[in-house]
Number of protein chains: 2
Amino acid sequence: MENYSLQLNGVFQALSDPTRRAVIAHLGRGPTSVTELARPFDMALPSFMKHIRLLEETGLIRTEKSGRVRSCALERGGFAVMDSWLAEQRALWEGRTDRLEAFVMAEQRAEAK
Amino acid sequence: MENYSLQLNGVFQALSDPTRRAVIAHLGRGPTSVTELARPFDMALPSFMKHIRLLEETGLIRTEKSGRVRSCALERGGFAVMDSWLAEQRALWEGRTDRLEAFVMAEQRAEAK
DNA sequence: AGAATAGTTTTCCATAAGGCTAAGTATCAC
DNA sequence: GTGATACTTAGCCTTATGGAAAACTATTCT
């Protein structure tokens with residue numbers, strides 16, 4: 001899947017910025033409006049909105065506008081691609097560790113002879 | 001810790017590039033030389049080396065030069081910062097889910113009266 | 001209606017990121 | 001010691017990224 005890789009690019013890149021990670025952390029405690037989320041940052045609103053849009057595009061958050069306020073919430077699904085990649089990698093080098101362990105044990109058994 | 005955040009920036013950014021993720025995946029099957037790692041990519045060596053250096057700087061891999069060949073290996077420690085951040089986030093929104101569940105159950109109990 | 005609030009759109013700017021070529025330095029293999 | 005190998009260094013180029021200011025739109029409050 002070509003698309004899987006692109007999603008990974010997006011998610012990792014999104015999380016590489018401290019402002020965006022802080023937004024994620026904030027939303028972990030519940031949905032909020034953009035202005036509320038922006039309050040802790042010394043940053044112009046348009047700049048902040050770029051982060052919000054990027055987070056939404058990558059599927060890490062979901063936003064909805066009602067009236068003049070846009071409220072944001074975590075989208076747990078966005079983390080799924082990353083989780084699966086990480087699991088894949090772990091399977092790889094844990095598999096290898098197992099083989100290495102098997103090898104080491106085999107050596108030890110050989111020595112014991 | 002100010003440094004923790006910088007490490008997170010680095011690790012996430014490092015993993016946001018497909019070439020670098022491929023290198024990580026390759027190294028998951030064991031240590032190799034730079035040239036060997038570079039083989040699958042249609043990219044000049046100096047460009048590829050930038051990725052290697054970045055991965056090393058962020059602590060995701062470890063490299064060592066012996067003779068004219070530099071061999072690379074995974075550094076599991078580099079993943080630790082990311083893992084801990086992810087765990088932190090999960091604790092946050094799982095904690096919240098629990099409270100939400102508790103709230104919902106309380107409502108149901110109230111209705112049952 | 002008029003003022004304040006909450007975003008939005010547009011344009012611009014400086015730096016970082018990813019890639020290239022050309023040329024240089026050690027090793028290693030004969 | 002010559003040639004091939006395996007990187008390294010040094011510039012250079014283009015696009016992406018994070019941020020800003022100014023001006024605009026749509027709601028909501030009084």
Side-chain angles (χ1 to χ4, degrees), chain A residues 2 5-27 30-73 78, chain B residues 2-3 5-27 30-73 78 82:
Chain A
E2 176 57 57
S5 184
L6 292 180
Q7 272 189 275
L8 282 172
N9 295 353
V11 171
F12 280 123
Q13 217 253 316
L15 295 178
S16 75
D17 182 275
T19 301
R20 290 188 295 255
R21 281 198 308 276
V23 167
I24 295 288
H26 189 145
L27 289 178
T32 330
S33 72
V34 169
T35 306
E36 192 55 40
L37 282 170
R39 193 181 310 286
F41 302 98
D42 182 22
M43 189 184 296
L45 233 234
S47 309
F48 186 77
M49 280 298 298
K50 280 196 193 174
H51 293 299
I52 297 294
R53 270 186 230 110
L54 203 155
L55 284 170
E56 186 169 24
E57 279 162 18
T58 61
L60 288 166
I61 72 172
R62 171 174 26 92
T63 84
E64 191 186 354
K65 193 161 183 179
S66 79
R68 60 182 168 176
V69 37
R70 176 176 297 278
S71 80
C72 312
Chain B
E2 175 56 57
N3 206 33
S5 183
L6 292 180
Q7 273 189 276
L8 282 172
N9 295 353
V11 171
F12 280 123
Q13 218 252 314
L15 296 178
S16 75
D17 182 276
T19 301
R20 289 186 298 253
R21 280 198 309 274
V23 167
I24 295 288
H26 189 145
L27 290 178
T32 329
S33 72
V34 170
T35 306
E36 191 55 39
L37 283 170
R39 194 181 311 285
F41 301 98
D42 182 22
M43 187 183 297
L45 232 235
S47 310
F48 186 77
M49 279 299 298
K50 280 196 194 173
H51 292 299
I52 297 294
R53 271 187 229 109
L54 204 156
L55 284 170
E56 187 169 23
E57 280 163 17
T58 60
L60 288 167
I61 73 173
R62 170 175 26 92
T63 83
E64 190 187 354
K65 193 161 185 179
S66 78
R68 62 185 165 171
V69 37
R70 175 175 298 279
S71 80
C72 312
M82 179 176 49

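Naming: A, B, ... by sequence-line order, numbering from 1 per chain.
Evaluation of the salt bridge (charged side-chain N to carboxylate O under 4.0 Å, His left out) test over residues 48-67 of chain B, restricted to residues two or more places apart or in two chains, returns Arg62(B)-Glu75(B).
Looking at residues 56-67 of chain B, you'll see Lys65(B) sit with a heavy atom under 4.0 Å from some atom of DNA chain D.
The CZ atom of Phe41(A) sits 12 Å away from the P atom of dA20(D) (whole-angstrom rounding). If you take CE of Met43(B) and P of dC7(D), they are 16 Å apart, rounded to a whole angstrom. One can place CE of Met49(A) at 4 Å from P of dT8(C), the figure rounded to the nearest angstrom. If you take CG of Asp42(A) and C1' of dG18(D), they are 14 Å apart, rounded to a whole angstrom. The separation between Arg68(A) atom CZ and dA4(C) atom C1' is 7 Å, rounded to whole Å. Rounded to an integer number of Å, the gap from CZ of Arg70(B) to P of dA26(C) is 14 Å. Here dA21(D) presents its C1' atom at 13 Å from CG of Leu45(A), a figure rounded to the nearest Å.
The side chain of Val34(B) approaches dC7(D) more closely than any other nucleotide in the set dT8(C), dT21(C), dC7(D). Between dT8(C), dT21(C), dC7(D), one nucleotide has an atom nearer to the side chain of Ser33(B) than all others, and that is dC7(D).
Not counting sequence neighbours, the partners of Glu36(A) by the side-chain hydrogen bond (donor to acceptor under 3.5 Å, both in side chains) test are Arg39(A). Under the side-chain hydrogen bond (donor to acceptor under 3.5 Å, both in side chains) criterion, His51(A) pairs with Arg20(A), not counting sequence neighbours. For the side-chain hydrogen bond (donor to acceptor under 3.5 Å, both in side chains) test, no residue two or more places apart in sequence or in another chain qualifies with Thr35(B).
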>> For nucleotides 12-17 of chain D, give me one character per nucleotide, 5' to 3': B if any protein heavy atom sits under 4.0 Å from the base, S if the only such contacts are to the sugar-phosphate, - if neither.
In response: -----S

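The phosphate of dG19(D) has OP1 or OP2 within less than 4.0 Å of a side-chain N or O from His51(A).
Contact of Thr35(B) with dA6(D) (side chain to base): no donor-acceptor pair of N or O atoms is detected under 3.5 Å.
Atom CG of Leu60(A) and atom CG of Leu15(A) lie 5.5 Å apart (nearest 0.5 Å).
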